[in-house]
Every structure is written in structure tokens, then in C-alpha cells.
Novice: 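Here it is, the structure in full.
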Amino acid sequence: MHRLSQLLLPTEKQPPADAEALSHQLMVRAGLVRQLGSGLWSWLPAGWRIHQKVIAIIREEMDLSGAQEVSMPVLQPRELWEKTGRDHINELFKLEDRKGSPMVLALTHEEAMTHHVAQLVRSYRELPFTLYQVQLKERDEARPRAGILRTREFVMKDAYSFDRDEAGLDESYAQQTVAYARIYDRCGLQWYRVESDVGMMGGAGAHEYMAPCAAGEDEIVLADGYSANVEVASTTPEPAQYADPVGAPEAVSTPAAKTIDEVAAQLGVHASALLKAVVVVGPEGLVLVLVRGDDSVQDTKLENALGGKVRPANDAEIAKAIGPAGFLGPVGMVDPSTKVLLDRAVEDVEVIVGANRPDEHLKGVQHGRDFTAQRADVRLAKPTDTIDGKPVEIVPAIEIGNIFKLGTRYSDALGATFLDEDGARHSIVMGSYGIGPARIVAASAEQFGDERGIAWPAAIAPWQVHVAGLGKPGSEEAEAAEKLATTLSEAGFEVILDDRSGGAGAKLADAELIGAPLRLVIGRRTLERGEAEAQLRRGSVDLDAVSLADPVPAVRAHLASAP
RNA sequence: CGGGGCGUGGCGCAGCUUGGUAGCGCGCCUGCUUUGGGAGCAGGAGGUCCUCGGUUCAAAUCCGGGCGCCCCGACCA
């Protein structure tokens, strides 16, 4: 049992002035966390209980999946990171020890894990296995934000699977998928598993686990039977509204009309009758990217299509290769060999494009007839899109976990190999699997927070039962609350007792702020009936009163009904 | 990294324009009263006004440098 009179649980009526995200405001108001510096957060007792409960669930499910827990240093020799080429990552904290030896603070543990496995594993007989740890990660984030949503130091559960081949990896990956679903379900979150970009991790496939909420940094595309990050989502736009065909390219005057809207207005056509031109410099040089006029380019999809990082081209580069900015098109480019990338959603019909001459556009331009281009899906999904005819929804979400098929990128770099039955050497095939417990906590606060506090899912609530006696210390109500809390605590429930001398309003308000799933209140009237009033925090649902003479069965039943 | 904003008791803020006694609400401490929705009265404690320097008889206030924090964007293994 914990007593509110003794607990370091500093609740606040007002949120910090600089807190924007709901979870940030509520977690500070509820006395769960306090800030030490930008992106650096300390957990106070109640908050740490929640965090630890999430970790306990993760640990149980990891162990159940067959993964083995280890622990590796956060402080590591930079040499290790030079071998995988990740030593130049901006987010990597770099430092030196007193001898001047280059060190880093790990932002994940692929290098360390793979290093050890490379030393320890010799034979296919030792594979497969999966290692995990619950360990700090350090990242020099360009912009920490939203309380504990994006921090520079955080605890991560990171797991790494080691298999002899792709088929084995698929199996390990599937095992983690099962464990992840159980973890998020048990934590009581609303979540989606979405297809994701493989990012700089490389590899053969990746999924993210996303908790939809207003403060989400990512956007996910949802449809019946489909879910994907907008960075990879592939959807179908509404049908375009084309201008009447004219048979061949034909110049039209569009004075000073540089934007799609201006051109569409001057010509009296819908934006989808035009092509929008975006010029970037990719790994193989300058590219003219064309999407429908009412679409926009999704950078990650474009980078995947071009096979590497891209940057916007500057006006000089554009003028040299194509034409005057604002009037760009695939026909009549200054350098006709300039690569053209055409979005998959653009049909082979006549559209309107820039003429590569000032104040002029061309109508009647058709792909395949008037110009050629590489095809790729690079458009940003929109809420009006469909997928297989079904409407999509695009919602913000917090990334609460991810899983990657790494392949042999790290095992190749660090020499993690094994000998097969025939004595042939192969690289170990790896996967990596991360979960941020703090993100789960924050996502819960986002999903289940209201203006009064956070209605924690029962599985991760800091306490199961909140007992409040409304009288002052020493009163009959307070004595009865004390006795009730003791009985429940001895019966194995996690109880927090409000034994403070404050007024009833303050006690009830704090109970809602702290957010235990079940609240038991003893006031003068309820005491006269020999009962405690019972209420579920989620939804403020009034339950049958609990008998003070025999409270345990009723409390057990009430908690079983708590979400 | 680009743009914007902010730094004044624990929290939220005013004061700065026009230099001169640091102030308000909440919280905290003591006493009495009060106890079903953030109580009342009385008394009290608590602040290098982010920091360094400059101007001035005098700086929270004006000027300059630095540091810190937040928000938007870029970025985000």
C-alpha cells in the first residue's frame, strides 16, 4: 500500500506553460515525470511504476517468445561503429575517454550484439537464437519534443535475431510479431501494425507499430485490411478531370502563372488535368519528377524510387537542365536527356504541363506519345484516396515499436559467420526488434487522457485501487479508509490510499488525475451504510458499492470489468 | 540546421514601453474552523529577476555577448 501523504507524487492543477501535447501536460500534472533538460526526463515514483509495468509485460512476452535477456554497455568504442559505417550518424553522441580514445553512446545495439555473436557463434548448430535487453539508448536528437515522446535518452527494449538463412529469419520475425501483438494488447493500447520504410537500416522488410493519437509524429494510412505509413502507402487517387483532348502538344499563354492553382484558374481546368513538376537531385543526378497537379510528392517514396537520398534542385540547376522554374515540363527541356520520373497515378492521356518557356504551358501532352519517363509510385496518399475501392483514413500516430529484417548488413560488416553442414561459411541473417516503453506510456496518456487526468489501462496503471477517505485524518471515514486499504493490500491488490488532510474536492480531483482504474470513496453517508462508493475511472462509470465488511470479492469483480 | 517565441519564489503569470520600494493567483508553513467536487479566516516563509559585461547616481527594466528552454519546419538507426 502507498500513502498519498508520504508519496513523492506532485500533482499540479495547471500544466507547464510550454507543454503542448496532451500526454506531456497530463504526465507532468499527474506527477509522473519531470524535466531535467531538453529531451531529458526523470521518472518520479508513480510514473516509474507505470514504466516498469510496461517493461514487465514486455519481458514476459519476450521470454515467452524464446528470446534471451542480456545487457550490453551504452558506452562503446567508436571503432565498432566505424566497421558498420554508422559512426557518422548525426544523432550519434561522440566523445572521448581520458586517454583520448574515441567512444560513442549507443543509439541502438546492432554493433555490440553482432560483435559478440561474431565472437561466440561458430556453427549452424548454435543457431537460431534471439537476444534482447532493456537498456538505455542515447540519441543527439535535432529537436526533442512533446515531453517524453521524443527524448535524447530513453529506455528501449531491443531484440536481435540470428538465423542461418532467410527462411529462419522469417520464422524469427513471425515469432516477434506474435509477441508484439500480445504486448500491445496487454498494455491496453489501440494500435496498428503498418508497413514501413526500411530507412537507413536497410534490409528486406520492416513494420512499425503505431498508436493513433493527436500528438503523433507520423501519419498512417488505414483502410479495411490495409495499414501503412504514409512514407510507403500506395493508394489510388480520385479519378482525374482532364481537359478536352487536342491531339498534339499545343502552347497556351499562362502569364505569371507559376503555381498549379494559378495555371488551373487561368485555363479553366481542374488541377488534376495538370502535372506538377518537382526537380530534385538524387544519387544519379538531376531528375524531373511529375505528379498529378492535385497530388504532391512523398519524399521517402521518391528516395526509394531513386535509390538514395534526394535534395531539392536549385533554380540554377533547374534552368540549366530543364527550363524556367514555374513553367517546367517534360517536353522541350534544355537538356532533353534529363531523367523524367512520372508518378504511377498519371494516366497515359493528354495533360497540361509547363512549356519550359516563361509564361507558357503546353496542353495535349501525353506520356508515351510526346515524352517518355520512368514510372514509380511517389505521390503522397490523401484522405480522398481509395485502396481496392475502399476508402482510406489518414491519422496521426506515435511509433511505439518497429521490427526490421536486417539481413546480413551487420553480420557482414562485423564478421558474424557460421559454418554449415558442409563446412561452408555463411553470414548470419539478422533481424532487429525495438519497443519504447516510454512511448507506450505516452501513447496511453494520449489515448486515454481527458481534462481530468489519465484513465490508465488496468494492466499498466500505477495502482489498481485508489482508496479515499473524505474525513480528516483520525475521523471515522479516514479510519475506515485505512482499514479498507489495508484489507485490499493484504489481499494482493495494489492500493494507493489518500490519507491526506485535504478537502474532498482535492482528493477526488487527484484520484482522477492519478487515474487508477477503480476508485473507492468513503464519505460520511457511505460509511453509515457500511459501504465504499465504487467508480471506474474510464468513463466515470458508477459501480455497485463495496461492502466494508467483505470488500475483496466485489473489488475483484469490479477490477475484472476495468478496461 | 532554418524560422518564431520565452527565461521574474515550487507552478502559472504581471511588472519592462517611459530605469528608482520586486508584485499577483495557486501551492507551501503555523493556528483555528471546515470535509461529497480543487474550503474559510488570521499569521508567516520563500526570489542571484538565466548569466556575463556595458550605459547610468541608480538596471528585472536600456544596450551587447553567452547559456538555457519551448513551438513550427527540415531531420529523425
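All of these numbers come straight from a predicted model, not from anything done at the bench. In what follows, every chain begins at residue 1, and chains take the letters A, B, ... in the order their sequences are listed.
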Novice: Under a plain distance cut-off of 3.5 Å, with no hydrogens placed, do Glu111(A) and Thr84(A) share a side-chain donor-acceptor pair?
Specialist: yes
Novice: Is Asp510(A) touching bases, backbone alone, or none of the nucleic acid, heavy atoms closer than 4.0 Å?
Specialist: base
Novice: Taking 4.0 Å as the cut-off, does a side-chain nitrogen or oxygen of Gln35(A) come that near to OP1 or OP2 on C70(B)?
Specialist: yes
Novice: Pull out every residue in residues 136-152 of chain A that has a heavy atom closer than 4.0 Å to any atom of RNA chain B, ordered by number, or say none.
Specialist: Arg139(A), Ala142(A), Arg143(A), Pro144(A), Arg145(A), Ala146(A), Arg150(A)
Novice: On the side chain of Arg29(A), is there an atom forming a donor-acceptor pair with the base of G38(B) - under 3.5 Å, no angle test?
Specialist: yes
Novice: Using a 3.5 Å cut-off and no angle test, enumerate the donor-acceptor pairs between side-chain atoms of residues 435-448 of chain A and protein atoms at least two apart in sequence or in another chain.
Specialist:
unit_1    : atom_1 : unit_2    : atom_2 : d
Arg439(A) : NE     : Leu149(A) : O      : 2.6
Arg439(A) : NH1    : Glu399(A) : O      : 2.7
Arg439(A) : NH2    : Leu149(A) : O      : 3.2
Ser444(A) : OG     : Ile440(A) : O      : 3.0
Glu446(A) : OE2    : Ser23(A)  : N      : 2.9
Glu446(A) : OE2    : Ser23(A)  : OG     : 2.7
Gln447(A) : OE1    : Gln190(A) : N      : 2.9
Gln447(A) : NE2    : Gln190(A) : O      : 2.9
Gln447(A) : NE2    : Pro212(A) : O      : 3.0

Novice: Please write out each protein N/O paired with an N/O of nucleotides 48-51 of chain B under 3.5 Å, distance rounded to 0.1 Å.
Specialist:
none

Novice: Which ones in residues 37-50 of chain A lie close to RNA chain B, meaning a heavy atom under 4.0 Å from one of its atoms?
Specialist: Gly37(A), Ser38(A)
Novice: Among residues at least two apart in sequence or on other chains, which ones pass salt bridge (Lys or Arg N to Asp or Glu O under 4.0 Å) with Asp295(A)?
Specialist: Arg379(A), Lys382(A)
Novice: With sequence neighbours left out, write down each residue that passes side-chain hydrogen bond (donor to acceptor under 3.5 Å, both in side chains) with Asp412(A), or none if nothing qualifies.
Specialist: Thr408(A), Ser427(A)
Novice: I want to check something: taking the side chain as every heavy atom from C-beta on, are Val495(A) and Val467(A) in contact at a cut-off of under 4.5 Å?
Specialist: yes
Novice: Between the protein and nucleotides 35-37 of chain B, which nitrogen or oxygen pairs are less than 3.5 angstrom apart?
Specialist:
unit_1 : atom_1 : unit_2    : atom_2 : d
U35(B) : O2'    : Leu470(A) : O      : 3.0
U35(B) : O2     : Leu470(A) : O      : 3.2
U35(B) : O2     : Gly502(A) : O      : 3.0
G36(B) : O6     : Gly523(A) : N      : 3.2
G36(B) : O6     : Thr526(A) : OG1    : 3.2
G36(B) : N1     : Glu533(A) : OE1    : 2.8
G36(B) : N2     : Glu533(A) : OE1    : 2.6
G36(B) : N2     : Glu533(A) : OE2    : 2.8
G37(B) : O6     : Arg519(A) : NH1    : 3.3
G37(B) : O6     : Arg519(A) : NH2    : 3.2
G37(B) : N1     : Glu512(A) : OE1    : 3.4
G37(B) : N1     : Glu512(A) : OE2    : 3.0
G37(B) : N2     : Glu512(A) : OE1    : 2.5

Novice: On a whole-Å scale, what distance lies between the P atoms belonging to G20(B) and U30(B)?
Specialist: 38 Å
Novice: Give the table of side-chain donor-acceptor pairs shorter than 3.5 Å for residues 516-524 of chain A, with sequence neighbours excluded, one pair per line with atom names and distance.
Specialist:
unit_1    : atom_1 : unit_2    : atom_2 : d
Arg519(A) : NH1    : Glu512(A) : OE2    : 3.2
Arg519(A) : NH2    : Gln535(A) : OE1    : 3.4

Novice: By ring pair (Phe, Tyr, Trp, His ring centres under 6.0 Å), which residues pair with Trp191(A), not counting sequence neighbours?
Specialist: Tyr184(A), Tyr209(A)
Novice: Mind checking Asn402(A) for me? I need base, sugar-phosphate or nothing, with any heavy atom below 4.0 Å counting as a touch.
Specialist: base
Novice: Please list, one pair per line, the donor and acceptor atoms closer than 3.5 Å that link side chains of residues 471-481 of chain A to other protein atoms, with sequence neighbours excluded.
Specialist:
unit_1    : atom_1 : unit_2    : atom_2 : d
Ser475(A) : OG     : Lys472(A) : N      : 3.4
Ser475(A) : OG     : Lys472(A) : O      : 2.7
Ser475(A) : OG     : Ala478(A) : N      : 3.2

Novice: Return a single string for nucleotides 3-15 of chain B, one symbol per nucleotide in 5' to 3' order, where B is base contact, S is sugar-phosphate-only contact and - is none, cutoff 4.0 angstrom on heavy atoms.
Specialist: --------BSS--
Novice: Restricting to pairs with a member in residues 7-31 of chain A, which pass ring pair (Phe, Tyr, Trp, His ring centres under 6.0 Å), not counting sequence neighbours?
Specialist: His24(A)-Trp41(A)
